[in-house]
Q: 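Got a structure for you, written out below as structure tokens; questions coming shortly.
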Amino acid sequence: MIDFGLITDNERLLKRAKSVCAEFDYSFMSWSNLEEFFEAEQHCKMITFSVDGENSKDMAAKAAEAAQLAKAYCEDGYLVSIVSKDIPRDDVEFIKKSGVNLVFPEYEMFETSKLDFFASQILRAKYVPIKDSDLLPDTVLNFDLYHLMPLRNKFLKITRKGFSIPADKLKKMQEIREFYILRDELPDFKIYAEKISDDSHSGVLRKCRAQFLEFSGAYLDLIEMMCDESQSVGFEEGKKILQNCQNMVVGLAQTLAQVSGTEVWDIINNSVIGEFGSVERMPAVAAYATHFADKLEMEMDVLINIIFVILVMDVGIIKLSPDITRKLREGKDDKFSKQKSNPIEAIQN
């Protein structure tokens, strides 16, 4: 199975996708049309296809048909449809009913960094690392447990939900030290952590880490929702998700107050596989803010306002051009062009 598959005869789209896959080290294959894709019988984690047409209805019909066919080899894959121009909301919803997860107008592929962000979430941040200290022997897991095979860039399921890990096996597994669970199963992991935690210091650390991981997952869900303009989400629904994140921060703050400054790093470090950049690091920044806020005896309503600013301050980066975000990721700030001090001169140039 490869990471990123692209079905298009658009050379510009092909170049853009290759660039993303090369930077993030995703395995990549492309096909000019659906017939070539079927002949290859290639399974993909993320399959992207482009369609054009005389009008929006025509594009929607083509996208829906392509999605149904692509599902034959990507049953569990994430489907992205690229349409040649903006189309009405009704047509977008028609496409998504056929199994497409995300719809992009073509210009967004080149003018924004949405492809970079969503690919990182779909292909890597789908799995979240937990530590060996998060597990106890002979306790039933309510989530699947994975191990990362770096040389093959593959996640291998080592324990299924509903099973426990005997003490001798867990001792051998601890040589790995870090395991992975699906981001979708973070709420289940939190329930597990609360069941096995007690009032001991290690129990508090375990509970605190589970709270932070759940918060990180909920935050990334919020960012995906905000950046997916093909998704119909009302203001109240978005407000509810944000409120959920803020409530998690309150619980996290109360637990973080029981750990030392050095232990905060143990809780937050390696908490998510993020490649896109600062947007993915915001939960860690927020967690540190809650820790120091407690030391400063800051009032909770003030803390929540600070957390809100931290969580949303870098979201706009996703809508910047790929050239800009690539330089940010590579730390090439010196490569940005300098702003002209004279506005008239800047306009003339």
Side-chain angles (χ1 to χ4, degrees), residues 1-3 24-27 43 45 76-77 120-221 248 251-252 255-256 258-260 262-275 280-281 283-284 287:
M1 181 177 288
I2 64 168
D3 294 325
F24 295 123
D25 195 28
Y26 302 146
S27 54
H43 294 263
K45 295 178 184 176
D76 298 322
S120 73
Q121 300 310 300
I122 296 158
L123 297 175
R124 295 284 167 80
K126 178 180 177 181
Y127 297 89
V128 177
I130 65 172
K131 297 181 182 295
D132 59 332
S133 57
D134 293 328
L135 304 170
L136 288 183
D138 302 316
T139 54
V140 177
L141 306 182
N142 57 346
F143 49 85
D144 293 326
L145 193 64
Y146 296 83
H147 168 53
L148 174 63
M149 304 175 69
L151 296 179
R152 296 178 61 187
N153 192 26
K154 182 178 181 181
F155 289 90
L156 177 68
K157 187 181 293 185
I158 54 177
T159 305
R160 295 182 181 276
K161 65 179 68 176
F163 289 84
S164 61
I165 306 175
D168 56 340
K169 182 180 179 181
L170 182 59
K171 187 174 181 180
K172 292 180 180 178
M173 290 169 60
Q174 285 174 339
E175 297 176 5
I176 303 172
R177 294 194 62 79
E178 199 167 73
F179 309 99
Y180 295 83
I181 63 174
L182 290 171
R183 196 169 103 193
D184 293 344
E185 295 188 339
L186 281 173
D188 296 324
F189 173 70
K190 184 188 175 189
I191 293 172
Y192 168 81
E194 289 175 342
K195 282 184 177 180
I196 65 172
S197 296
D198 50 31
D199 294 332
S200 67
H201 189 64
S202 59
V204 171
L205 290 176
R206 191 177 292 115
K207 181 180 178 181
C208 189
R209 185 166 166 74
Q211 287 177 321
F212 175 72
L213 291 175
E214 185 190 33
F215 165 53
S216 297
Y219 168 73
L220 288 172
D221 289 342
M248 289 180 185
L252 180 62
T255 314
L256 276 171
Q258 303 175 56
V259 305
S260 68
T262 55
E263 289 170 327
V264 175
W265 173 254
D266 294 328
I267 292 165
I268 295 171
N269 187 31
N270 274 349
S271 293
V272 66
I273 300 180
E275 302 174 303
E280 294 162 313
R281 290 193 293 270

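These numbers come from a predicted model, not from an experiment.
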Q: Locate the shortest heavy-atom distance separating S27 from I2; write the atom from each residue and the value.
A: OG-CA, 3.4 Å
Q: Grab the two heavy atoms, one from K157 and one from Y146, that are nearest each other, plus how far apart they are.
A: CE-OH, 3.4 Å
Q: Would one find more than 12 heavy atoms of other residues, nucleotides or ligands at under 6.0 Å from atom NZ of K161?
A: yes
Q: Can you find a heavy atom in the side chain of L182 that is under 4.5 Å from one in the side chain of F143?
A: no
Q: Please identify each residue that fulfils ring pair (Phe, Tyr, Trp, His ring centres under 6.0 Å) with H43, with sequence neighbours left out.
A: Y73
Q: In terms of side-chain geometry, is the basic nitrogen of D3 or K45 positioned less than 4.0 Å from the acidic oxygen of its partner?
A: yes
Q: Identify whether the distance between the nearest side-chain nitrogen and carboxylate oxygen of D144 and R160 falls below 4.0 Å.
A: no
Q: Compare all side-chain heavy atoms of F189 with those of I130 and state whether any distance is below 4.5 angstrom.
A: yes
Q: Are V128 and E185 packed together at the side-chain level, in the sense that at least one heavy-atom pair is separated by less than 4.5 angstrom?
A: no
Q: Ring-plane angle category for F155 and Y127, please: parallel below 30°, perpendicular beyond 60°, tilted otherwise.
A: parallel
Q: State which residues pass side-chain contact (heavy atoms from CB on, under 4.5 Å) with N142; sequence neighbours excluded, sorted by chain then number.
A: D188, I191, Y192
Q: Is there a side chain to side chain donor-acceptor pair (under 3.5 Å) between S164 and D138 once you walk through the steps?
A: CA-CA 5 Å; S164 61; D138 302 316; 4.9 Å; no
Q: For Y219, check ring pair (Phe, Tyr, Trp, His ring centres under 6.0 Å) against everything at least two apart and list the hits.
A: none
Q: Testing the basics here: between A210 and A193, what is the closest heavy-atom pair and its distance to 0.1 Å?
A: CB-CB, 3.4 Å
Q: Using the rule given for side-chain contact (heavy atoms from CB on, under 4.5 Å), can you reason through T159 versus K169, listing the C-alpha separation, both sets of side-chain angles and the distance that settles it, and then say yes or no?
A: CA-CA 11 Å; T159 305; K169 182 180 179 181; 4.2 Å; yes
Q: Kindly give the heavy-atom pair with the smallest separation between R209 and P129, and that separation in Å.
A: NH2-O, 3.3 Å
Q: Hey, what do you get for CD1 (I196) to OG1 (T139), rounding to the nearest 0.5 Å?
A: 5.5 Å
Q: Is any side-chain heavy atom of L136 less than 4.5 Å from a side-chain heavy atom of I165?
A: no
Q: Compare every heavy atom of L213 with every heavy atom of L186, then report the nearest pair and how far apart it is.
A: CD1-O, 3.1 Å
Q: Looking at D184 and K126, is there a salt bridge between them, counting it only when a charged N and a carboxylate O are closer than 4.0 Å?
A: no
Q: Mind listing the closest non-hydrogen atom pair of S197 and G203 along with its distance?
A: OG-O, 3.3 Å
